[in-house]
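First the structure, in the form of structure tokens, and then the observations on it.
If you're wondering where the values come from, they're calculated on a predicted model, not measured in any experiment. Order of listing sets the numbers, starting from 1, for every ligand and every atom in it. Values below: every heavy atom of this structure, side chains too, minus hydrogens, waters and symmetry copies.
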Amino acid sequence: MNILILGGGGREHALAWAVKQNPKCDRLIVAPGNAGIAEIAECAQLDINDGGAVTEFAQENSIDLVIVGPEAPLVAGVSDRLREAGVRCFGPSQAAAELEASKSFTKAVCDASGAPTAAYARFEDAAPARAHVEAQGAPIVIKADGLAAGKGVIVAMDVQTALDAVDDIFGGAFGSAGAAVVIEEFMTGEEASFFVMCDGETALPIGTAQDHKRVGEGDTGPNTGGMGAYSPAPILSDAVAAQTMEEIIRPTLKEMARRGSPYVGVLYAGLMIEDGKARLVEYNARFGDPECQALMLRLGGQVLDLIEACVDGRLAGMTVNWADDHTMTVVMAANGYPGSYQKGTEIRGLAALKEDGNRVMFHAGTAAKDGKVLATGGRVLNATARGATLQEARDRAYALIDALDWPEGFCRRDIGHRAL
Ligand code: AMP
Ligand code: GLY
């Protein structure tokens with residue numbers, strides 16, 4: 001089978017690594033890929049948000065399956081173009097990806113399906129939004145309705161911060177993503193991520209994870225795309241997972257099908273868990289990054305079988321084979337991230353790393369140049385390891401990092417602290 005993966009971060013490196021282990025994979029192309037991906041797959045330059053260009057590329061290269069990594073191509077309708085052209089694609093339609101692209105869409109789906117989530121109100125003008133904040137008081141959560149690259153959420157601990165957030169969003173701080181504002185009840189509890197494969201009707205849980213969004217140790221400092229993750233998430237017990245499937249995931253899939261936009265792909269539910277009960281924080285229409293890296297090391301080659309079963313509507317007969325193991329991924333970022341950072345610094349020591357099925361250095365933002373590996377992004381490398389215990393996985397991941405020579409990069413030293 002010829003497979004095309006869209007994306008070029010650590011998530012896509014992990015997907016490529018896992019898919020390649022399945023004997024059904026003959027040829028693997030990743031667009032655009034990165035220096036690490038180039039070691040295990042062909043990389044291609046392609047505008048991955050242009051459905052026409054992706055479809056043409058897939059047809060020219062006899063691609064049998066396209067796997068979409070990031071949300072942007074999904075929201076741009078790339079999977080719809082591929083399916084119309086008869087190319088099998090793992091990733092929801094543009095209509096189904098509204099679960100990630102619009103916070104008020106997800107809230108409406110929760111209303112219709114009875115899924116537990118924070119109470120909310122939606123506004124298209126500042127004055128009534130401000131009045132709502134004044135009436136509710138703080139803490140309260142203010143969100144730009146649309147996609148804002150993970151930055152459109154303000155958890156306000158006081159009323160003034162909430163009012164300022166309303167003004168900022170309507171003032172254009174998040175562009176068209178801020179044409180409407182969703183104001184939510186502040187939920188307390190512990191957050192965890194739940195990943196489910198969906199074929200439109202059937203949902204199959206494929207793993208849990210917890211990530212660290214803040215840049216600094218002790219979960220302090222500004223938010224990032226994620227500085228590390230581990231799987232499984234201890235807080236997401238079997239009982240919480242069963243409740244999540246029963247009250248959140250299955251009702252959502254049923255409602256999406258009822259609306260004529262069945263959900264096909266991986267659904268990532270961000271949950272808030274308190275007193276043994278989960279409520280939905282948000283959906284994403286893709287794997288998390290870096291959560292995917294931790295999941296792929298646990299799942300390995302079977303992920304391709306699961307992906308094919310999703311695409312072909314055969315999930316009902318599938319099971320996931322779990323080892324009783326733990327994984328952790330630690331992000332190395334360029335000094336300065338998530339603020340401004342230097343690009344093009346050289347990373348030494350990658351070639352000498354001792355990697356195997358228990359330890360892999362996934363690349364997120366790298367490029368090869370003149371025999372050197374250069375850092376090209378904010379999040380640059382993902383040291384990912386597996387162990388019989390989380391502690392063993394942790395020690396192996398940090399050993400990979402300690403074997404590197406890259407003074408222009410940093411990582412958090414406390415990934416997994418809540419679970420360890
Ligand atoms: P989101 O982009 O929707 O994942 O929101 C980013 C982060 O904001 C989440 O991971 C939560 O930590 C926090 N958050 C979002 N909505 C709420 C809420 N209703 N109550 C408490 N925290 C929230
Ligand atoms: N790590 C969070 C995300 O992928 O959205």
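Each of the following atoms of ligand 1 lies closer than 4.0 Å to a heavy atom of Lys143: 3 (O), 15 (C), 16 (N). Taking a cut-off of under 4.0 Å to the non-hydrogen atoms of Glu185, the atoms of ligand 1 that pass are 18 (C), 19 (N), 20 (N). The atoms of ligand 2 that sit less than 4.0 Å from any heavy atom of Asp211 are 1 (N), 2 (C). Counting atoms of ligand 1 from 1 in the listed order, those under 4.0 Å from a heavy atom of Glu282 are 1 (P), 2 (O), 3 (O), 4 (O). Those atoms of ligand 1 with a heavy atom of Val281 less than 4.0 angstrom away are 15 (C), 16 (N). Remark: ligand 1 atoms within the under-4.0 Å shell around heavy atoms of Ala118 are 19 (N). Heavy-atom proximity to Glu291, at under 4.0 Å, picks out these atoms of ligand 2: 1 (N), 2 (C), 4 (O). The distance from ligand 2 to the heavy atoms of Gly225 drops below 4.0 Å at these ligand atoms: 1 (N), 2 (C).
For Asn284 (side chain) and Tyr268 (main-chain N/O), no donor-acceptor pair under 3.5 Å exists by modelled atom type. Thr366 places no side-chain N or O within donor-acceptor distance of the main-chain N or O of Ala375, the cut-off being under 3.5 Å. A donor-acceptor contact shorter than 3.5 Å links the side chain of Gln243 to the backbone of Ala278. Under a 3.5 Å cut-off, the side chain of Thr161 and the backbone N or O of Met157 do not form any donor-acceptor pair. The main-chain N or O of Thr224 is never found under 3.5 Å from a side-chain atom of Arg379 such that the two would form a donor-acceptor pair.
With respect to Arg279, the salt bridge (Lys or Arg N to Asp or Glu O under 4.0 Å) criterion is satisfied by exactly one of Glu274, Glu185, Glu190, Glu191: Glu185. When each of His13, Arg11, Gln293 is tested with Asn382 by the rule side chain to side chain donor-acceptor pair (under 3.5 Å), just one qualifies, namely Gln293.
Classified by interplanar angle (parallel below 30°, tilted 30° to 60°, perpendicular above 60°), the ring pair His417/His212 is tilted.
At the shortest separation from atom 5 (O) of ligand 2 among protein heavy atoms lies Arg286 NH2, 3.0 Å. Nearest non-hydrogen protein atom to atom 13 (C) of ligand 1 is Val155 CG2, 3.8 Å. In terms of protein heavy-atom proximity, atom 22 (N) of ligand 1 is closest to Met272 CE, 3.9 Å. Here the heavy atom of the protein found nearest to atom 10 (O) of ligand 1 is Glu191 OE1, 2.6 Å. Regarding atom 8 (O) of ligand 1, its nearest protein heavy-atom neighbour is Val153 CG1, 3.5 Å.
For Lys213, no nitrogen or oxygen atom sits less than 3.5 Å from a nitrogen or oxygen atom of ligand 2, counting backbone and side chain alike. Note: an N/O pair closer than 3.5 Å links Met187 and ligand 1 by distance alone.
Heavy-atom distances between Phe287 and ligand 2 stay at or above 4.0 Å for every pair. Contact analysis puts Gly288 in contact with ligand 2, with a non-hydrogen atom separation below 4.0 angstrom. Using a 4.0 Å cutoff on heavy atoms, Arg11 does not count as a contact of ligand 2.
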Please assess Phe287 against Ile206 for the test side-chain contact (heavy atoms from CB on, under 4.5 Å), listing each intermediate value before the final yes or no. CA-CA 11 Å; Phe287 281 108; Ile206 57 157; 3.6 Å; yes

For Lys143 and Glu282, what are the C-alpha separation, side-chain angles and deciding distance, and is it a salt bridge (charged side-chain N to carboxylate O under 4.0 Å, His left out)? CA-CA 11 Å; Lys143 301 185 175 183; Glu282 60 156 0; over 6 Å; no

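Side-chain atoms of Arg81 and Thr55 form no donor-acceptor pair, as typed in the model, at a separation below 3.5 Å. Thr117 and Lys107 are linked by a side-chain donor-acceptor pair at a separation below 3.5 angstrom, with hydrogens and angles left out of the test.
Taking only non-hydrogen atoms, the option from Leu280, Thr106, Val141, Leu147 nearest to atom 18 (C) of ligand 1 is Val141.
Only side-chain heavy atoms of Lys213 come within less than 4.0 Å of ligand 1; its backbone N, CA, C and O stay farther off.
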